[in-house]
Amino acid sequence: MAVLDYLMTHHTHPTADTIFNALYPSIPTLSKATVYNTLNLLTEHGVIQMITIDEKNARFDARETPHLHFKCASCGEIFDFDLPPLQIESLKDYDISDIQVYCKGTCPSCQKKTQH
């Protein structure tokens, strides 16, 4: 429950290690294996989404509404953007279990830093 609560209150698209490091001080009996197993279980049951925008680490997101992810190549932060409902008529005969939409580039804050 602590892993899910962390994801519900921290919309930062954390890695498993980030979650472990955040929870360990208050739950010293917590193991990394427990965090990984919990994330896998929550992902398998569709409670959270595993985001594969980062080539080095899987990220996790508990937001339920459809949205796009943008990863800044400079600072590494991942931002959420709302999407209108997808109209995918050509896929009507397919049983879709997951949709991931993401973009990569440079966020406005990092763009300003390089302009000055």
Side-chain angles (χ1 to χ4, degrees):
M1 291 307 296
V3 171
L4 181 58
D5 184 56
Y6 183 87
L7 285 169
M8 298 292 284
T9 57
H10 295 83
H11 303 282
T12 57
H13 310 93
T15 64
D17 286 342
T18 302
I19 296 168
F20 172 78
N21 292 331
L23 297 177
Y24 183 75
S26 62
I27 310 171
T29 58
L30 184 66
S31 70
K32 282 190 179 184
T34 299
V35 172
Y36 280 96
N37 290 337
T38 302
L39 291 169
N40 286 335
L41 184 67
L42 292 171
T43 301
E44 286 174 15
H45 289 282
V47 177
I48 64 172
Q49 181 181 33
M50 183 186 331
I51 304 167
T52 57
I53 191 171
D54 186 340
E55 297 83 13
K56 296 178 184 170
N57 295 300
R59 304 286 192 107
F60 297 91
D61 190 0
R63 186 172 168 193
E64 296 178 7
T65 57
H67 60 284
L68 171 141
H69 292 108
F70 177 93
K71 181 180 180 199
C72 179
S74 183
C75 67
E77 188 168 346
I78 297 176
F79 302 88
D80 286 343
F81 291 91
D82 291 329
L83 285 175
L86 296 175
Q87 304 295 323
I88 310 175
E89 184 61 29
S90 61
L91 295 173
K92 69 179 181 205
D93 296 329
Y94 294 82
D95 181 15
I96 300 171
S97 61
D98 184 36
I99 295 176
Q100 292 193 30
V101 180
Y102 65 84
C103 301
K104 296 179 181 179
T106 308
C107 71
S109 178
C110 289
Q111 289 179 49
K112 287 180 186 174
K113 290 177 188 174
T114 59
Q115 292 173 356
H116 292 123

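Numbering of residues begins at 1 and proceeds along the displayed sequence.
Taking 4.5 Å as the limit, every side-chain heavy atom of Ser109 sits out of range of all side-chain heavy atoms of Cys75. Residues Leu39 and Met50 have side chains not in contact (no heavy-atom distance under 4.5 Å, counting atoms from C-beta outward). Side-chain contact between Tyr24 and Val35: absent, with no pair of heavy atoms (C-beta onward) separated by less than 4.5 Å. Taking the side chain as every heavy atom from C-beta outward, Tyr102 and Ile78 never approach each other to under 4.5 Å. Between Val101 and His69, the closest side-chain pair of non-hydrogen atoms is not below 4.5 Å.
No continuous path of hydrophobic side-chain contacts links Phe60 to Tyr36 [ILVMFWY only; heavy atoms under 4.5 Å].
Without hydrogens or angle criteria, Thr9 side chain to Asp5 main chain gives a donor-acceptor distance under 3.5 Å.
Note that CG of Leu23 and OG1 of Thr34 are 11.0 Å apart. Values are rounded to the nearest 0.5 Å. The distance from the CE atom of Met8 to the CE atom of Met1 is 9.5 Å, given to the nearest 0.5 Å. Here the straight-line distance linking atom CD1 of Ile19 with atom CG of Leu7 works out to 4.0 Å at 0.5 Å rounding. The structure places CD1 of Ile53 at 8.5 Å from NE2 of His13, a figure rounded to the nearest 0.5 Å. With rounding to the nearest 0.5 angstrom, the CD atom of Gln111 is 8.0 Å from the SG atom of Cys72. Distance CG/Asp80 to NE2/His11: 8.5 Å, rounded to 0.5 Å.
Screening Thr15, Asp17, Ile51 for a side-chain contact (heavy atoms from CB on, under 4.5 Å) with Asn57, the sole residue that qualifies is Thr15. Of the candidates Thr43, Leu42, Leu41, His45 forms a side-chain contact (heavy atoms from CB on, under 4.5 Å) with just one, namely Leu41.
Smallest separation of non-hydrogen atoms from Phe20 and Ser31: CE1-C, 3.7 Å. Of all the heavy atoms in Ala22 and Tyr6, the pair that sits closest is CB-CE1, 3.4 Å.
Judged by distance alone, the side chains of Asp61 and His67 do bring a donor and an acceptor atom under 3.5 Å apart.
Applying the ring pair (Phe, Tyr, Trp, His ring centres under 6.0 Å) definition to pairs two or more places apart or across chains, none involves residues 74-95.
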